[in-house]
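In what follows, a single structure is set out as C-alpha cells and then discussed.
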Amino acid sequence: MGRGDLTDDQWARLEAVLPPLPRMGRKPRDRRQCFDGIWWRARTGSPWRDVPERYGPWETAYTLFRRWQIDGTWSEILKRLQVKADAAGHIEWEVSVDSTVCRAHQHAAGARKRGLTSGGTVPDGLGSEPEDHAIGRSRGGLTTKIHLAVDASFHVLAAVITAGQRGDAPVFTEVMDRIRVSRPGGGHPRTRPGHLLADRAYSSRQIRAYLRRRQIPHTIPERRDQAGHRLHRGSAGGRPPGFDREMYKRRNRIECRIGLLKQARGVATRFDKLAVRYEATIQLTLIRQTL
C-alpha cells in the first residue's frame, strides 16, 4: 500500500456509499485501486500520464474520474458522507463563510472560451461549464477562487468556484443555497445554519436582509466606510448591527479548513482546464479528507 492510499477501514466506509456495480457488461477494474490512483494525482498535482503503474493504466483512472464527474457521482458520494456525519451528530451547524484564491497553472489555460466544441454543441456533463472556465486574471496572474461554507467541526457543507477576480459578496447566496444535507429518515433536508460567521467582505444590506429573511443569526463586522456613512446620516442612519467579538473569533476554523484543503496540491494549484473537472477534484479531496 502506497503512502496516502486508503486503509481497509476507510475503504469499507467509502464502499458503502459508492454506486452499485453494473450487472451487465465487462467487469470493471478494481475500484479501490482506481480511487487510490485518482487521489494520488490530486494529492501530488502530477499529470494523469504520470500516475504510477501500481494503480493500473492511467487512462482507466482518468476515465473513471471523468465519468463520475459527468454523472454527478463525486457530488453524490460527498452528500452521502455528509448525511452519515449529520446523523451521527458530527456536523455542528455553526457555519463560517469565506473564500480562497488558488493559482491556475499554465496547464489549466487553453480551453475553448466561446463554445466548448467547434460545432457549438455542449458535451454531456459540461452544461454548467462557465464561459471563462472559472479562470480570471488578478494581481497574482491566472487564478481561481473557491467559496466555502464550513461548519464548526470542519465539514465543508458547500463549495462554489469562480474566476479569481470575483468578489465574495455576489456569490454569497449561491454558497448558502448549496447547503443541503438530507435527513436519513426522510423529510426536508437541512439548509439553514444555526449561526453564521463571515468577515467584512460580506457586510452589505442585501446579505443582512437575506439572513434576516431566513431567520439566521449572524456575526458579521461592519465595514468602516459603512459605519461612517451611517454616522453621517445621523438618526436616519439607524442603529449599528449587533456584533459579538468573542463569537467572531470562532471564524478562524474556516481558515484552518482552507489550509487543510490546500494540502492537496491538485487543489492548491489548479491544473484542470475545465471548471467542472476542477470542482470534481475539490469534491474528491473533500471525500478523501472526510474518510
Side-chain angles (χ1 to χ4, degrees), residues 4 39 41-45 74-75 77-79 81-82 85-86 90-105 108 133-136 138-181 193-203 207 218-221 247-272 275-291:
W39 168 240
R41 181 259 175 183
R43 180 173 62 86
T44 62
W74 294 118
S75 176
I77 292 173
L78 185 58
K79 289 179 181 177
L81 291 175
Q82 289 176 348
D86 190 39
H90 296 321
I91 294 182
E92 302 177 27
W93 286 89
E94 179 185 286
V95 176
S96 300
V97 178
D98 204 352
S99 67
T100 182
V101 174
C102 300
R103 184 67 181 268
H105 194 269
H133 302 294
I135 295 179
S138 57
R139 288 185 178 181
L142 296 179
T143 53
T144 295
K145 181 176 285 189
I146 308 175
H147 306 261
L148 299 169
V150 178
D151 82 321
S153 57
F154 298 99
H155 287 87
V156 177
L157 303 180
V160 176
I161 64 171
T162 64
Q165 79 279 4
R166 288 285 304 276
D168 293 346
V171 193
F172 175 79
T173 55
E174 184 178 356
V175 174
M176 295 296 293
D177 291 342
R178 290 201 183 188
I179 300 178
R180 194 176 186 86
V181 179
H195 196 92
L196 185 125
L197 305 171
D199 61 15
R200 288 184 173 86
Y202 299 92
S203 177
I207 289 178
H218 54 277
T219 301
I220 303 176
M247 174 68 74
Y248 184 70
K249 292 179 180 179
R250 303 172 69 170
R251 198 189 66 84
N252 73 314
R253 298 181 182 181
I254 190 170
E255 305 290 349
C256 297
R257 189 62 182 87
I258 289 173
L260 181 62
L261 178 64
K262 285 188 171 183
Q263 287 185 3
R265 296 191 176 190
V267 175
T269 302
R270 174 177 170 177
F271 297 96
D272 300 280
V276 290
R277 302 277 196 268
Y278 184 57
E279 185 175 18
T281 301
I282 295 172
Q283 293 167 350
L284 164 68
T285 303
L286 295 177
I287 292 169
R288 185 63 184 84
Q289 293 180 346
T290 300
L291 294 173

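- Between atom CE of residue Met176 and atom CD1 of residue Ile207 there is a gap of 10.0 Å, rounded to the nearest 0.5 Å.
- Scanning both residues, Phe154 and Cys256, for their nearest heavy atoms gives CE2-CB, 3.8 Å.
- Annotation: salt bridge (Lys or Arg N to Asp or Glu O under 4.0 Å) contacts of Arg250 (sequence neighbours excluded): Glu94.
- Across all non-hydrogen atoms, the minimal contact from Leu286 to Thr290 is O-OG1, 2.6 Å.
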Residue pair Ile282, Ile161: steps toward the side chain to side chain contact (heavy atoms under 4.5 Å, CB included) verdict:
CA-CA 10 Å; Ile282 295 172; Ile161 64 171; 3.7 Å; yes
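- Between Tyr278 and Gly266, the shortest heavy-atom contact is CE1-O, 3.5 Å.
- Thr285 pairs by the side chain to side chain donor-acceptor pair (under 3.5 Å) definition with nothing, not counting sequence neighbours.
- Applying the side chain to side chain donor-acceptor pair (under 3.5 Å) criterion to Glu279, with sequence neighbours excluded, gives Arg178.
- Shown here for Gln82 and Ile91, the closest heavy-atom pair between the two residues is O-CD1, 3.6 Å.
- Rounded to the nearest 0.5 angstrom, Asp151 CG and Asp86 CG are separated by 9.0 Å.
- Among pairs with a residue in residues 255-268, those fulfilling salt bridge (Lys or Arg N to Asp or Glu O under 4.0 Å) read Arg251-Glu255, at least two apart in sequence or across chains.
- Side-chain contact annotation: His195 with Thr219, donor-acceptor N/O pair under 3.5 Å present.
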Report, one line per pair, each donor and acceptor closer than 3.5 Å where one atom sits in a side chain of residues 165-172; sequence neighbours left out.
unit_1	atom_1	unit_2	atom_2	d
Asp168	OD1	Ser99	OG	2.7
Asp168	OD1	Lys145	NZ	3.3
Asp168	OD2	Ser99	OG	3.2

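- Between the CG atom in Leu261 and the SG atom in Cys102 there is a gap of 7.0 Å [rounded to 0.5 Å].
- The OG1 atom of Thr100 sits 5.0 Å away from atom CD1 of Ile258, with the distance rounded to the nearest 0.5 Å.
- Checked against side chain to side chain donor-acceptor pair (under 3.5 Å), Thr143 has the following partners two or more places apart in sequence or in another chain: Ser138.
- Residues Leu148 and Ala159 approach most closely at CD2-CB, 3.7 Å, considering heavy atoms.
- With sequence neighbours left out, the ring-ring contact (aromatic ring centres under 6.0 Å, His included) criterion links His105 to His107, Phe271.
- Distance alone, capped at 3.5 Å, is enough to place a donor-acceptor pair between the Thr281 side chain and the Arg277 backbone.
- Glu92 meets the salt bridge (Lys or Arg N to Asp or Glu O under 4.0 Å) test with no other residue; sequence neighbours excluded.
- The side chain to side chain donor-acceptor pair (under 3.5 Å) check on Arg288 picks up Gln10, with sequence neighbours excluded.
- Atom OG in Ser96 sits 4.0 Å away from atom CG in Leu197 (nearest 0.5 Å).
- Evaluation of the side-chain contact (heavy atoms from CB on, under 4.5 Å) rule for Ala149 yields Val95, Val97, Ala158, Val175, Ile179 as partners, not counting sequence neighbours.
- Take Asp272 and apply the salt bridge (Lys or Arg N to Asp or Glu O under 4.0 Å) test, not counting sequence neighbours, and it matches Arg41.
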For Val150 and Leu157: C-alpha separation, side-chain torsions, deciding distance, then whether side chain to side chain contact (heavy atoms under 4.5 Å, CB included) applies.
CA-CA 6 Å; Val150 178; Leu157 303 180; over 6 Å; no
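- Shown here are the side-chain contact (heavy atoms from CB on, under 4.5 Å) partners of Ala198, two or more places apart in sequence or in another chain: Leu196, Tyr202, Ile220.
- Put simply, the side chain of Tyr248 reaches to within 4.5 Å of the side chain of Asp199, judged on heavy atoms.
- Contact between Ala275 and Arg270 at its shortest, heavy atoms only, is N-NH2, 3.3 Å.
- For the pair Ile146/Thr162, no side-chain contact is recorded, criterion being any heavy-atom separation below 4.5 Å from C-beta on.
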